[in-house]
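Naming: A, B, ... by sequence-line order, numbering from 1 per chain.
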2 protein chains.
Amino acid sequence: MTTAQHTSKLTARGAATRTRIVAATADLVRRHGAAGTSLDDVMAASRTSKSQLYHYFANKDDLLRAAAWQQTDRIMATQRPELDQLDSLAGLRRWRDKFVAARDEAQNVGGCPLGSLASELADGDPQTRDVLQKCFTAWASPLRIGLTAMRDQGRLRSDADPEALAEAIMAALQGGLLLSKTYRSSRPLTRALDMAIDHVASFATAR
Amino acid sequence: MTTAQHTSKLTARGAATRTRIVAATADLVRRHGAAGTSLDDVMAASRTSKSQLYHYFANKDDLLRAAAWQQTDRIMATQRPELDQLDSLAGLRRWRDKFVAARDEAQNVGGCPLGSLASELADGDPQTRDVLQKCFTAWASPLRIGLTAMRDQGRLRSDADPEALAEAIMAALQGGLLLSKTYRSSRPLTRALDMAIDHVASFATAR
DNA sequence: GAAGAACTGGACCAGCAAGTCCAGTTTCTT
DNA sequence: AAGAAACTGGACTTGCTGGTCCAGTTCTTC
């Protein structure tokens, strides 16, 4: 999967090594950014050698793409229970609260791992941009699904566009994270998400 | 100003050289990011030498801070007429239209120069983070001023918080730019700004 | 016009980056 | 058991990076 180009089979050991590499890369990238993560760092953190890196990945970009997928998986897993209940304003607010609390716990250091990656790599090669698009879309998906449910159940007006709303929420989220990281305070993130949820609420039906 | 540490006087030639360096740096950083811009690149683009760079700036970080200021100035100058008329919903919409049009013209390549810089550097040294905070605050200032005017003139309800609204709009802007750059389409930016302006509109008084 | 400050040119350095190569080991297949 | 394929170790290359240094030029000031 990951990148094609890899037709060889993976033995159990090989799969474990590959996993270790991706996990280490994702972790390092989250903390130091893509440019700030060298292959030597990855080798050290995953206890592997250059040849192993190049055995499983075509080059650094390829490895970074795998790390982007991994980040997305991790995000989805972390937010899992909340992500499945975004079909009400209360659910959206619970999600926001959890998110903000997590950021505060991290003292608002480091923004969104996916956002940082996108900021750094989205202007690079198209293959990577394509992966980033898919990652964002995947992350926004639960949002879209929840909002669609709300509309179909008549709790949002029929002129509400779940697709557009989900994208706007994601934008508020990303921008909020960026400002929060810059100001080292969850205030901007909170304000951005509050705005986004209020915006959804403005489509709510009377009932 | 820029960084202190520079007590020496600038001759006309010196000032010109310094200006050339900062302009070249800002330009390169806008196109390739901070990590993607080497001092050699700056030297070539500004027709200067290493010693000149280090004569005017303490190190690369110092130079990047100067570039951040320059970016902010440039942004403000570019959006000037619109930025002074953010005291009505119509004014906000004109600003949004101009902004989106500019992004489309650039084919949504490269995001916000300030946003990219923040994403890369906000986790670095505190001095740089401080500059980035000030840059964002300066940029959001016209927004805050316009919204305050609207409220004071009774066109926004008195419970509208211009400070919070301005920050939320800025977040939507940054997030919208990030997604637009990733998707190579102005659609996310448009949706994010529409949401933000609708949010302001939700505080409008009947009149 | 001369001292001193501002400015400039570019050689040089040590460290680190991505990526290559090959020789060797382990595991799968038949 | 043996050949093939998967896997591993790490030395090595090439090029670039931020940063230092110093010798020389231009400008300002008195």
Side-chain angles (χ1 to χ4, degrees), chain A residues 1-25 28-29 31-67 120-121 124-125 127-128, chain B residues 1-25 28-29 32-67 117 120-121 124-125 127-128:
Chain A
M1 221 280 187
T2 310
T3 344
Q5 170 247 345
H6 235 288
T7 35
S8 64
K9 288 176 188 175
L10 288 197
T11 62
R13 183 162 57 127
T17 301
R18 192 184 183 285
T19 301
R20 237 182 322 132
I21 293 173
V22 175
T25 306
L28 287 166
V29 163
R31 279 158 33 202
H32 311 297
T37 298
S38 74
L39 298 185
D40 287 343
D41 294 339
V42 173
M43 284 162 56
S46 61
R47 304 185 312 284
T48 51
S49 66
K50 267 284 167 66
S51 62
Q52 288 169 286
L53 261 48
Y54 281 89
H55 181 71
Y56 295 103
F57 303 94
N59 50 40
K60 190 180 177 181
D61 270 352
D62 192 22
L63 176 55
L64 289 174
R65 282 191 287 273
E120 263 188 275
L121 305 177
D125 76 66
Q127 225 180 326
T128 303
Chain B
M1 223 278 189
T2 309
T3 344
Q5 173 245 345
H6 234 290
T7 35
S8 64
K9 289 176 187 176
L10 287 198
T11 62
R13 184 162 59 127
T17 302
R18 191 182 185 287
T19 300
R20 235 181 324 132
I21 293 173
V22 175
T25 306
L28 287 166
V29 163
H32 311 297
T37 299
S38 74
L39 297 185
D40 286 345
D41 294 339
V42 174
M43 283 163 57
S46 61
R47 302 184 314 284
T48 50
S49 66
K50 267 285 168 65
S51 62
Q52 287 169 285
L53 261 49
Y54 280 87
H55 180 72
Y56 295 105
F57 304 94
N59 50 40
K60 190 181 179 183
D61 270 352
D62 192 22
L63 176 55
L64 288 174
R65 281 190 288 272
L117 223 40
E120 264 188 274
L121 306 177
D125 76 66
Q127 224 181 327
T128 303

Enumerate the residue pairs fulfilling salt bridge (Lys or Arg N to Asp or Glu O under 4.0 Å) with a member in residues 31-41 of chain A, sequence neighbours excluded, ordered by first and then second residue.
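Salt bridge (Lys or Arg N to Asp or Glu O under 4.0 Å) check on residues 31-41 of chain A returns A:D27-A:R31, A:D40-A:K50.
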Rounded off to whole Å, could you give me the [atom1]-to-[atom2] distance for the [X] and [N] pair?
X	N	atom1	atom2	answer
A:H55	C:dT26	NE2	P	16 Å
B:Y54	D:dG19	OH	P	4 Å
A:I21	C:dA18	CD1	P	14 Å
A:R20	D:dC7	CZ	P	13 Å
A:F57	C:dT20	CZ	C1'	18 Å
A:L53	C:dA17	CG	P	13 Å
B:L63	D:dT17	CG	P	14 Å
A:R18	D:dA6	CZ	C1'	15 Å

Quick check for you: to the nearest 0.5 Å, what is the distance between [X] atom [atom1] and [Y] atom [atom2]?
X	Y	atom1	atom2	value
B:Q52	B:S46	CD	OG	7.5 Å
A:L53	A:L63	CG	CG	6.0 Å
A:T128	A:D61	OG1	CG	4.5 Å
A:K60	A:T37	NZ	OG1	6.5 Å

Name the nucleic acid region contacted by B:T48, choosing base, sugar-phosphate or nothing; use a 4.0 angstrom heavy-atom cut-off, strictly under.
nothing
Need one value for A:T11: base, sugar-phosphate or nothing, where a base atom within 4.0 Å counts as base even if backbone is also close, heavy atoms only.
sugar-phosphate
I'd like to know if B:K50 reaches the base of D:dG19 with its side chain such that a donor and an acceptor end up less than 3.5 angstrom apart.
yes
C:dG19 base to A:K60 side chain: any donor-acceptor pair below 3.5 Å?
no
Is the phosphate of D:dT8 approached by A:Y56 (side-chain N or O, under 4.0 Å from OP1 or OP2)?
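True: A:Y56 side-chain N/O within range (under 4.0 Å) of D:dT8 OP1/OP2.
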C:dC7 phosphate, OP1 or OP2: any side-chain N/O from B:Q52 under 4.0 angstrom?
no
Quick one: does A:R20's side chain have a donor or acceptor within less than 3.5 Å of a partner on A:R47's backbone?
yes
Would a distance-only check, ignoring hydrogens and angles, find a side-chain to backbone donor-acceptor pair under 3.5 Å from A:R18 to A:Y56?
no
Picking from C:dC7, D:dC22, D:dG18, which would you name as closest to the side chain of B:S51?
D:dC22
A:R47 or B:A35: which one's nearest nucleotide on DNA chain D is closer to the 5' end?
A:R47
Near DNA chain D, counting only heavy atoms under 4.0 Å, which residues of residues 36-45 of chain A show up?
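Output list: empty, so none.
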